[in-house]
Amino acid sequence: MTNLTNFVKCTTQYKRDGRHHVDCDLGLWSVEGTRLIDVTTEAVHTFNQHESNGKYKSIIGGKSLNGLLKQALNKDDSNE
């Protein structure tokens, strides 16, 4: 699955009163503004930060980037 697919699965996007909104489905953050490109760019950036910390495992499953790195580092330590 791509990051964009995960982003769509984990957020709600809508327009109200001339403003674009992107809300995290877990309630961790939200972005709003008048320009869709600016709102989307900031929302994807914020989503990627939270996704790399494993915040969306309950929705998209799998291991976080940090979890995979820790696992790899621990495996390297055990081989010494």
Side-chain angles (χ1 to χ4, degrees):
M1 226 178 291
T2 67
N3 265 0
L4 188 55
T5 301
N6 289 341
F7 172 78
V8 171
K9 284 180 72 173
C10 298
T11 60
T12 301
Q13 303 89 31
Y14 57 97
K15 185 175 181 180
R16 183 179 349 161
D17 299 327
R19 296 183 66 79
H20 299 276
H21 300 258
V22 179
D23 296 338
C24 164
D25 289 347
L26 297 178
L28 300 172
W29 55 269
S30 65
V31 178
E32 67 175 85
T34 56
R35 290 179 22 126
L36 179 59
I37 188 69
D38 295 337
V39 171
T40 303
T41 300
E42 184 177 344
V44 168
H45 174 75
T46 303
F47 170 79
N48 285 336
Q49 289 179 319
H50 286 280
E51 184 185 29
S52 71
N53 289 326
K55 300 289 185 187
Y56 296 100
K57 287 193 312 187
S58 64
I59 297 174
I60 59 176
K63 294 185 178 182
S64 70
L65 180 60
N66 289 344
L68 291 171
L69 181 58
K70 286 178 186 176
Q71 183 180 6
L73 290 173
N74 288 336
K75 184 176 179 181
D76 289 344
D77 288 343
S78 66
N79 288 334
E80 291 179 2

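Bear in mind the structure is a predicted one, so any value in this text is a computation, not a measurement.
- Residue K15 holds its NZ atom at 9.5 Å from OG1 of T34, rounded to the nearest 0.5 Å.
- Residues L4 and Y14 are members of separate hydrophobic clusters, defined by side-chain heavy-atom contacts under 4.5 angstrom among Ile, Leu, Val, Met, Phe, Trp and Tyr.
- The SG atom of C24 sits 11.5 Å away from the CD atom of E51 when rounded to the nearest 0.5 Å.
- Taking every heavy atom of both residues into account, D23 and S30 meet most closely at OD1-CB, 3.1 Å.
- Here T40 contributes atom OG1 and H20 contributes atom NE2; the two are 8.0 Å apart, rounded to the nearest 0.5 Å.
- The local environment of CD in E32 is crowded, with over 12 non-hydrogen atoms from other residues, nucleotides or ligands closer than 6.0 Å.
- Across all non-hydrogen atoms, the minimal contact from R19 to H21 is O-CD2, 3.2 Å.
- A distance of 13.0 Å separates NZ of K55 from CZ of F47, quoted to the nearest 0.5 Å.
- Residues V22 and L36 do not share a hydrophobic cluster, clusters being chains of Ile/Leu/Val/Met/Phe/Trp/Tyr side chains in contact below 4.5 Å.
- Ring geometry for H50 versus Y56: interplanar angle over 60°, hence perpendicular rather than tilted (30 to 60°).
- One distance of note links CZ of F7 with OG1 of T46; it measures 9.0 Å at 0.5 Å rounding.
- T41 pairs by the side chain to side chain donor-acceptor pair (under 3.5 Å) definition with nothing, not counting sequence neighbours.
- With sequence neighbours excluded, the residues satisfying side chain to side chain donor-acceptor pair (under 3.5 Å) with T11 are Q13.
- The distance from atom CG of L28 to atom SG of C10, rounded to the nearest 0.5 Å, is 10.0 Å.
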